[in-house]
Amino acid sequence: MTTTPTSPLASEALFAVQQTTPMPPSRRKIKRKTWQTIVWFVVLIVITAVVLYPLVWLLFSTFKPNSEFGQNMGLLPNAPTIDNYVKVMEGIAGVPMWRFFANSLLIAGVSVIGTVMSSALAAYAFARLQFKGLGILFAAMIGTLLLPFHVVIIPQYILFNNLGMVDTYWPLLLPKFLATEAFFVFLMVQFIRQMPRDMDEAAKIDGAGHPRIFWSIILPLIKPALITCAIFSFIWAWNDFLGPLLYLTSPENYPLPIALRLYNDQTSSSDYGATVTASFIALVPILLFFIVFQKFLVDGVATQGLKG
């Protein structure tokens, strides 16, 4: 077996050819995608840090003594303490914190049930039933989206006052069962209209009426819309300040947004440490509720453009 000797000049020429040979397209594509992925993740991490920083600052501020507010604007407290949590749990105005928390949970929970049920029924009527004045009623419902809440404050207060419902939860909960949230009704109408009517017709042939069609066919198919409605109605009811301030007068009936106001007295000194701590406690249920149901919220947005 003989080998062909390679001269130094031939070796240099072979090396130059290897250096100038272009990289296969697949390798260049993989390398480019790797750098794009790294840059994309770095950008996402920076954006996430910017978005979450206020929440992290709020968390660490709950351990700051009241004397540090206005002086220490940094993230970490100079002298960490849990006195703020002790004061908040003791409550204010003779009412413990757990009572404010329970009031908010009651209002938000019942609001979710009422809003989801009434909006789904109204949406089914607009999307599947044919009756006189359908277009006019639907246009009037959409028109309420342009009507500010402040316009109807006085008429609503006079109505509920004449009914003896002031300082109760009825003014805050009763409208939720009457499909007064036009945004959620419109959202579910769009979901139902995207569904084919074949299943409805098949159910009618089998003898099913509108209640059975609504309960057995429509509701399971609009689950993403129902979850989206539940998330936003819970957040809106939990953060509502004007409604409880208008209708509730007894401290034992106050929800958390009104209770937070009690920690800031303009006529005397304000307890900023307790205010920040109570704000963080009020924020935790919203975060947990959103984290648990955010998958359904994404599914609801993703299926908006799908046709049955």
Side-chain angles (χ1 to χ4, degrees), residues 105-147 152 156 159-160 163 165 168-238 289-308:
L105 193 61
L106 173 64
I107 295 174
V110 177
S111 297
V112 169
I113 296 174
T115 301
V116 172
M117 290 178 53
S118 61
S119 299
L121 287 170
Y124 178 79
F126 281 125
R128 285 294 194 260
L129 303 184
Q130 298 294 329
F131 53 89
K132 291 183 179 180
L134 173 61
I136 297 176
L137 291 177
F138 186 76
M141 186 269 297
I142 296 298
T144 59
L145 293 172
L146 306 176
L147 189 65
V152 297
Q156 284 186 356
L159 175 63
F160 287 118
L163 294 175
M165 294 182 179
T168 66
Y169 294 139
W170 285 111
L172 303 175
L173 301 178
L174 186 59
K176 306 297 183 182
F177 289 86
L178 301 178
T180 57
E181 299 289 349
F183 172 77
F184 299 127
V185 177
F186 179 73
L187 175 68
M188 294 188 186
V189 166
Q190 295 304 107
F191 262 79
I192 297 175
R193 283 179 175 175
Q194 293 174 3
M195 300 175 184
R197 294 178 177 266
D198 299 343
M199 292 181 292
D200 298 20
E201 299 298 333
K204 289 179 181 180
I205 294 176
D206 292 337
H210 288 294
R212 182 62 182 273
I213 294 174
F214 172 75
W215 182 261
S216 301
I217 297 177
I218 299 299
L219 276 185
L221 295 178
I222 64 172
K223 184 178 178 181
L226 297 176
I227 298 298
T228 303
C229 175
I231 291 176
F232 283 103
S233 60
F234 180 86
I235 294 175
W236 291 356
W238 186 273
F289 193 85
F290 184 81
I291 291 174
V292 171
F293 293 102
Q294 59 89 22
K295 177 181 180 297
F296 299 98
L297 178 62
V298 174
D299 292 341
V301 176
T303 55
Q304 274 291 326
L306 299 181
K307 295 290 183 180

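All of these numbers come straight from a predicted model, not from anything done at the bench.
Shown here for M165 and W170, the closest heavy-atom pair between the two residues is SD-CB, 3.7 Å. Closest approach of A108 and A237 over heavy atoms only: CA-CB, 3.8 Å. The minimum heavy-atom distance linking C229 with V116 is given by the pair SG-CG2, 3.9 Å. For the residue pair I107 and L172, the shortest heavy atom distance occurs at CD1-CD1, 3.9 Å. Closest of all the heavy-atom pairs between M141 and F126 is CE-CE1, 4.2 Å. Counting all heavy atoms, side chain and backbone alike, P220 lies closest to W215 at CD-O, 3.6 Å.
For the pair W236 and T115, the minimum side-chain heavy-atom distance is 4.5 Å or more. Proximity of F160 to T168: side-chain heavy atoms (C-beta onward) are nowhere separated by under 4.5 Å. With a 4.5 Å cut-off on side-chain heavy atoms, F131 and L137 count as touching. The shortest side-chain heavy-atom distance between F184 and S118 does not fall under the 4.5 Å cut-off. Proximity of V189 to F138: side-chain heavy atoms (C-beta onward) are separated by under 4.5 Å at one or more points.
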*Could you check I218 against F191 for side-chain contact (heavy atoms from CB on, under 4.5 Å), going step by step and ending with a plain yes or no?*
CA-CA 10 Å; I218 299 299; F191 262 79; over 6 Å; no
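The CD1 atom of I213 sits 8.0 Å away from the CD atom of E201 when rounded to the nearest 0.5 Å. The line from CG of L226 to CG of L219 is 6.0 Å long, rounded to the nearest 0.5 Å. Here CG of L221 is found 4.5 Å from CE of M195. Values are rounded to the nearest 0.5 Å. Expressed to the nearest 0.5 Å, how far CD1 of I142 lies from CZ of F183 amounts to 10.5 Å. Remark: S233 OG to W238 CH2 distance equals 13.5 Å, nearest 0.5 Å. Once rounded to the nearest 0.5 Å, the distance linking OG1 of T228 with CE of M188 reads 8.5 Å.
Crowding of L129 atom CG: a count of heavy atoms from other residues, nucleotides or ligands under 6.0 Å exceeding 12.
Among pairs with a residue in residues 123-137, those fulfilling side-chain hydrogen bond (donor to acceptor under 3.5 Å, both in side chains) read Y124-H210, R128-D200, at least two apart in sequence or across chains. Among residues at least two apart or in separate chains, side-chain hydrogen bond (donor to acceptor under 3.5 Å, both in side chains) pairs with a member in residues 172-184 are K176-E181.
Taking the side chain to side chain donor-acceptor pair (under 3.5 Å) definition, one finds that R212 meets it with S216, sequence neighbours left out.
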